[in-house]
Amino acid sequence: MFRLFVALSLPAVLRSQLAALHAGIPGARWVPPENYHLTLRFIGEIEGWQAEEVDLALAGIRSRGFDLTLRGIGLYEKAGRIQAMWVGVERSDALSHLQSKIETALQRSGMPPERKRFAPHVTIARTDRAAPEKLAAFVQAHNLFRAPPVPIEAFTLFSSRLGKEASVYEAEVEYELA
Ligand code: ATP
Ligand code: MG
């Protein structure tokens, strides 16, 4: 079995800009910069033969490269807990197009449809053990965060191994954009 997801990996300049946001919030677990990514589609646990179908389907996608701009910071709350802090994405039709092509391709390869609406973001911290007031103050202070646009020239099929601390992601296949 493989645990897979499709994502954009971020150029080094962007990683350091995000890493520069790290600050002393007790209990916050900052995502290690090598783990930053923007999930386009979570696939989950599948068998090897299905992974091959997925790879074939993704390899057939023809889509254009585009500029990605990260902007804004927010908190993700679930079941009354603030689970994560994320950096948002400036609206991009090219990104939405790519995401929907990936969704279509995966459904053709036999994956069940994703029901959740696509909400592009980059998770920068796990925050369920941090104080909500501290998190809210941090978000207020950094609300105007905006990174310069970066060119996106590929998307990536990642495998994920869940660990006690941070998960380990591995780029399995890179698919070039035109
Ligand atoms: P952990 O689960 O230990 O916190 P993780 O979330 O970093 O680790 P995965 O669970 O393998 O690692 O997830 C990989 C990527 O897919 C992450 O961006 C995660 O937010 C996203 N993801 C995981 N599960 C889902 C899901 N059910 N729906 C949508 N996206 C998901
Ligand atoms: Mg997870």
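Note that ligands are numbered from 1 as they come in the structure, with each ligand's atoms numbered from 1 the same way. Position 1 is the first residue of the sequence, and the numbers go up from there.
- For atom 20 (O) of ligand 1, the nearest protein heavy atom lies 4.0 Å away or farther.
- To the nearest 0.5 Å, atoms CD (Gln50) and CE (Met111) are separated by 4.5 Å.
- Each of the atoms 9 (P), 11 (O), 12 (O) of ligand 1 lies under 4.0 Å from some heavy atom of Ser160.
- The OH atom of Tyr169 sits 4.5 Å away from the NE2 atom of His37 when rounded to the nearest 0.5 Å.
- Within a 6.0 Å radius of NE2 in His97, other residues, nucleotides and ligands contribute 12 heavy atoms or fewer.
- Scanning the protein for heavy atoms near atom 10 (O) of ligand 1, the closest one is Arg3 NH2, 2.6 Å.
- Atoms of ligand 1 lying under 4.0 Å from any heavy atom of Thr39, numbered from 1 in the order shown and given with element: 15 (C), 16 (O), 17 (C), 18 (O).
- Scanning the protein heavy atoms around atom 30 (N) of ligand 1, the nearest turns out to be Phe42 CB, 3.3 Å.
- Residue Leu162 approaches ligand 1 through these ligand atoms, each under 4.0 Å from one of its heavy atoms: 2 (O), 3 (O), 8 (O), 9 (P), 10 (O), 11 (O), 12 (O).
- Summary of contacts: the protein heavy atom closest to atom 7 (O) of ligand 1 is Tyr169 OH, 2.2 Å.
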Item to check | Check against side chain to side chain donor-acceptor pair (under 3.5 Å), Glu103 and Gln99 | outcome: CA-CA 6 Å; Glu103 179 61 30; Gln99 195 276 334; 4.6 Å; no
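- In terms of polar-atom proximity, Glu114 is not counted as a contact of ligand 1, lacking any N or O under 3.5 Å from an N or O of the ligand.
- Rounding to the nearest 0.5 Å places CG of Leu98 at 9.0 Å from OG of Ser92.
- Residue contacts with ligand 1 leave out Phe158, since none of its heavy atoms falls under 4.0 Å from the ligand.
- In this structure, Arg41 does not count as a contact residue of ligand 1, since none of its heavy atoms falls inside 4.0 Å of the ligand.
- Here CG of Leu4 is found 9.0 Å from CZ of Phe42. Values are rounded to the nearest 0.5 Å.
- Atom 6 (O) of ligand 1 has its closest protein heavy atom at Arg126 NH2, 3.4 Å.
- Atoms of ligand 1 found under 4.0 Å from any heavy atom of Ser167, numbered from 1 in the order shown, are 1 (P), 3 (O), 5 (P), 7 (O), 8 (O), 12 (O).
- In this structure, Phe2 CZ and Ile46 CD1 are separated by 8.5 Å, a value rounded to the nearest 0.5 Å.
- To the nearest 0.5 Å, atom OH of residue Tyr175 and atom CD1 of residue Ile102 are 9.5 Å apart.
- The environment of CZ in Arg146 is crowded: more than 12 heavy-atom neighbours from other residues, nucleotides or ligands sit within 6.0 Å.
- Interface atoms of ligand 1 facing Lys116, defined by a heavy-atom separation under 4.0 Å, are 26 (C), 27 (N), 28 (N), 29 (C).
- With hydrogens left out, the protein atom closest to atom 17 (C) of ligand 1 is His37 NE2, 3.4 Å, a heavy atom.
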